[in-house]
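Here's the structure, in structure tokens; my notes come after.
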Amino acid sequence: SRIRSKASFPSPVLQKAIVSRTRNEIDEGLRPAGINLTAKAQPAEHKQSHAKVLVPEDHGMHQVLKIDVTLSPRDPKAPGQFGRPVIVPPGKEKEAQKRWKEGNFNVYLSDLIPVDRAIEDTRPAGCAEQLVHNQLPTTSIIMCFVDEVWSTLLRSVHSVLNRSPQHLIKEILLVDDFSTKDYLKDKLDKYMSQFPKVRILRLKERHGLIRARLAGAQNATGDVLTFLDSHVECNVGWLEPLLERVYLSRKKVACPVIEVINDKDMSYMTVDNFQRGVFVWPMNFGWRTIPPEVVAKNRIKETDVIRCPVMAGGLFSIDKNYFFELGTYDPGLDVWGGENMELSFKVWMCGGEIEIVPCSRVGHIFRNDNPYSFPKDRLKTVERNLVRVAEVWLDEYKELFYGHGDHLIDQRLDAGNLTQQRELRKKLKCKSFKWYLDNVFPDLKAPIVRAGGVLVSVALSKCISVENTTVILEECDASSKSQQFNYTWLRLIKHEEWCLAPVPDKGALKLSTCDNRNSGLKWLHILTSVFHPDLVNHIVFENSHQLLCLEGNFSQKTLKVAACDSMKLHQKWKFEKYYED
Ligand code: UD2
Ligand code: MN
């Protein structure tokens, strides 16, 4: 369905061979907050470790975090260790199946895997040697959750604690979005109390992930906000490359490469390099690989930062003050979905940048369905969110969003009050969506109308021409102004500001003032044959009882609507140009 952006996720690639690890072993000791790992934080300890420091500290930079090579997983033989796939033990299949729905992934296996398991260091070669500034800003990690599975929530937190330089983590804010599960109350409080940096913020009612993140942001004390989902595993050295980008420019929003924690066997899988976050109409997020020839021609390296038209949404670092300057998220967005589009457009159009940082990698459990309930209908919630985004940010291109949807939601859906969001856009002096398309996402196909030029009768080779407030058939003349029509995404047949419409109950035609919401003006020009193979090239008007088709009569130079008939050549039409693929 249109809102499951993850369907377009590229096949979660090459599970990397499990190599035996002699260097850079990941620390698997349950390491409570308070142990420093970097040269910056604790130079003395760092010198003792085996990690090499290439550049002395006074040069102002240091290498990204290396985990002390002398540390090794507590239990190297434990299931899932090093990110290996796990198999449900014989006889336990039923139980595993039963527990699947607790999180819409293999919860049974997750519970078998150590909460601090090691995973492969999947970074491209060169990342471990990269330098970052000593003066990196601190960050608050914000993790919202609603009824998250115990073991995955813990694994998320441990991966942050164990694989981040201590001094950069101001706090880990767990925002409990009104969970119903008992274990997420006292038991969680007690468990997390061993980690002084972990704070739990409990919301008194369900906020949805967007407003839950905002609650987290309002309570954060770090310089940078780093948002994470509650079922992730941060990989070695994940944090510093993100903060480095924000440090270089406070208007950079830095995203890690999102890798895949397999929902069935819980293995940690890497993904292809050179992927950008993009969207396709009607605003579905997806990843698209930069074509190999572009990579070659521009000598793009695997470690190079990638500019992204949109972010996936869940995992990113943003300067806290900048986030508030941008007006945060639209707080009118409900529960789930669309907020990644909103923030992406806002950042780009209002002077910022969104980047994927290949040296930062975080695994995430991609699931086929949300494991929690939506207070209202799920589809409607997401569509409403997207309508808010479209109405505020897409300018004239919003028609492409509506036109690609399954139905014309702008007519029915109350997206709520948008005044504040529109004023914010003005106040921030943000650029147009056209600018965004030209400069940030030039490869998006976004023709402003579907078809245009002269409208030719296939059988008669004559063209429709405007005469007073109606239309007639004439010799075609592509240069004639009165023969120019556009077929819009909202299904209007437009001549300048006038729209073609049937006169109700008469069969005759007229030109009326255009109105995107008036169904009395909407035509379906069928170009492909999926639903109505018999009506390809027809121009169909649907009234309450039947399908009417635009029909030409050359001897009388007239046009009318009549019952659709797939055999009638007089009902077949072609525009001069079609802008879709
Ligand atoms: C993706 C994003 C996710 C968010 C989402 C909506 C990634 C990896 N994930 O879907 O972060 O941007 O798209 O556009 O990019 N949650 C709440 N309250 C709610 C619903 C969810 O706290 O009412 C939490 C949830 O427990 C999870 C996070 O919000 O930690 C994201 O939800 P998700 O994992 O269901 O979203 P996902 O990964 O399908
Ligand atoms: Mn998620």
Side-chain angles (χ1 to χ4, degrees), residues 1-9 12 102-105 141-150 152-157 160 172-181 184 188 200-203 205-217 225-234 253 255-261 263 271 275 277 279 283-287 308 310-318 329-330 333-344 354 356 360-376 378 381-386 388-389:
S1 87
R2 48 172 302 220
I3 57 169
R4 289 311 303 183
S5 52
K6 295 314 170 315
S8 51
F9 188 77
E102 288 173 32
N104 284 342
F105 62 92
I141 308 285
I142 300 174
M143 239 182 236
C144 303
F145 63 90
V146 54
D147 291 341
E148 185 59 71
V149 169
W150 176 255
T152 43
L153 178 61
L154 262 51
R155 205 170 291 117
S156 306
V157 173
V160 173
I172 300 177
L173 269 174
L174 301 180
V175 185
D176 177 358
D177 190 11
F178 203 55
S179 294
T180 60
K181 305 268 192 264
L184 293 171
L188 185 67
I200 303 176
L201 186 67
R202 291 229 153 72
L203 304 177
E205 58 178 16
R206 178 81 176 275
H207 279 46
L209 86 93
I210 295 118
R211 289 191 291 272
R213 279 185 195 156
L214 293 183
L225 308 173
T226 298
F227 293 100
L228 294 176
D229 276 11
S230 50
H231 34 262
V232 298
E233 288 173 67
C234 301
V253 177
C255 310
V257 171
I258 306 181
E259 303 203 281
V260 177
I261 303 170
D263 58 341
V271 295
Q275 300 211 56
F279 73 89
M283 268 201 274
N284 288 346
F285 174 82
W287 276 282
C308 283
V310 293
M311 63 159 98
L315 327 181
F316 63 99
S317 292
I318 185 167
Y329 289 118
D330 167 8
L333 300 175
D334 279 330
V335 192
W336 184 98
E339 91 295 340
N340 58 326
M341 296 293 152
E342 198 239 353
L343 192 58
S344 301
I354 292 167
I356 288 182
S360 172
R361 308 181 87 89
V362 177
H364 168 260
I365 307 179
F366 288 90
R367 303 170 294 190
N368 281 328
D369 202 359
N370 310 78
Y372 39 79
S373 68
F374 276 62
K376 289 179 200 146
R378 177 177 179 276
T381 302
V382 180
E383 294 216 334
R384 182 184 170 280
N385 287 352
L386 290 175
R388 288 186 71 87
V389 178

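Remember, it's 1-based here, ligands and their atoms both numbered in the order they're listed. The figures that follow rest on heavy atoms only: side chains count, while hydrogens, waters and symmetry mates do not.
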Closer than 4.0 Å to some heavy atom of [X] - which atoms of ligand 1 meet that?
X: His364; answer: 8 (C), 38 (O)
X: Gly337; answer: 6 (C), 14 (O)
X: Ala312; answer: 15 (O)
X: His231; answer: 27 (C), 30 (O), 34 (O)
X: Asp177; answer: 17 (C), 18 (N), 19 (C), 22 (O), 23 (O)
X: Asn370; answer: 35 (O)

Using non-hydrogen atoms of the residue, decide whether Met311 is closer than 4.0 angstrom to ligand 1.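 Contact check Met311 vs ligand 1: negative.
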
If the contact criterion is a heavy-atom separation under 4.0 Å, does Arg367 count as touching ligand 1?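 Flag set, Arg367 near ligand 1.
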
Would you say the side chain of Val271 lies within less than 4.5 Å of the side chain of Trp287, judging by non-hydrogen atoms?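 Not in contact.
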
Answer yes or no: is there a side-chain heavy-atom contact under 4.5 Å between Glu148 and Met143?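 Glu148 vs Met143: side chains apart.
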
Which of the listed options, [options], holds the heavy atom that is closest to [atom]?
atom: atom 12 (O) of ligand 1; options: Glu342, Met341, Glu339, Arg211; value: Glu339
atom: atom 3 (C) of ligand 1; options: Val149, Leu153, Asp229; value: Asp229
atom: atom 10 (O) of ligand 1; options: Phe178, Tyr372, Trp336, Phe145; value: Trp336

Taking side chain to side chain contact (heavy atoms under 4.5 Å, CB included) as the criterion, tell me which of Leu343, Ile354, Thr226, Asn340 meets it with Phe316.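 Considering Leu343, Ile354, Thr226, Asn340, a side chain to side chain contact (heavy atoms under 4.5 Å, CB included) with Phe316 is found only for Leu343.
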
Parallel, tilted or perpendicular: which one describes the rings of [X] and [Y], with boundaries at 30° and 60°?
X: Tyr329; Y: Phe227; value: tilted
X: Trp336; Y: Phe374; value: perpendicular
X: His364; Y: His231; value: tilted

Ligand 1 N/O within reach of [X] N/O, cut-off under 3.5 Å:
X: Cys144; result: yes
X: Gly314; result: yes
X: Val146; result: yes

For Val335 and Asn370: C-alpha separation, side-chain torsions, deciding distance, then whether side chain to side chain contact (heavy atoms under 4.5 Å, CB included) applies. CA-CA 11 Å; Val335 192; Asn370 310 78; over 6 Å; no

Have a look at ligand 1 and work out which part of His207, if any, has a heavy atom under 4.0 Å from it: side chain, backbone, both or neither.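 Contact part for His207 vs ligand 1: neither.
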
NZ/NE/NH1/NH2 to OD/OE distance under 4.0 Å, Asp263 and Arg367: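 Looking at Arg367 together with Asp263, the answer is no, because their closest N to O distance does not fall below 4.0 Å.
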
Would you call Arg155 and Asp229 a salt bridge, taking side-chain N to carboxylate O under 4.0 Å as the test?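 No, no charged N to carboxylate O under 4.0 Å.
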
Write down the atom of Gly277, the atom of Cys308, and the distance for their closest heavy-atom approach.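 Of all heavy-atom pairs spanning Gly277 and Cys308, the closest is N-SG, 3.3 Å.
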
How large, to 10°, is the angle at the Mn ion (ligand 2) when you draw lines to OD2 on Asp229 and to NE2 on His231?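 It rounds to 110°.
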
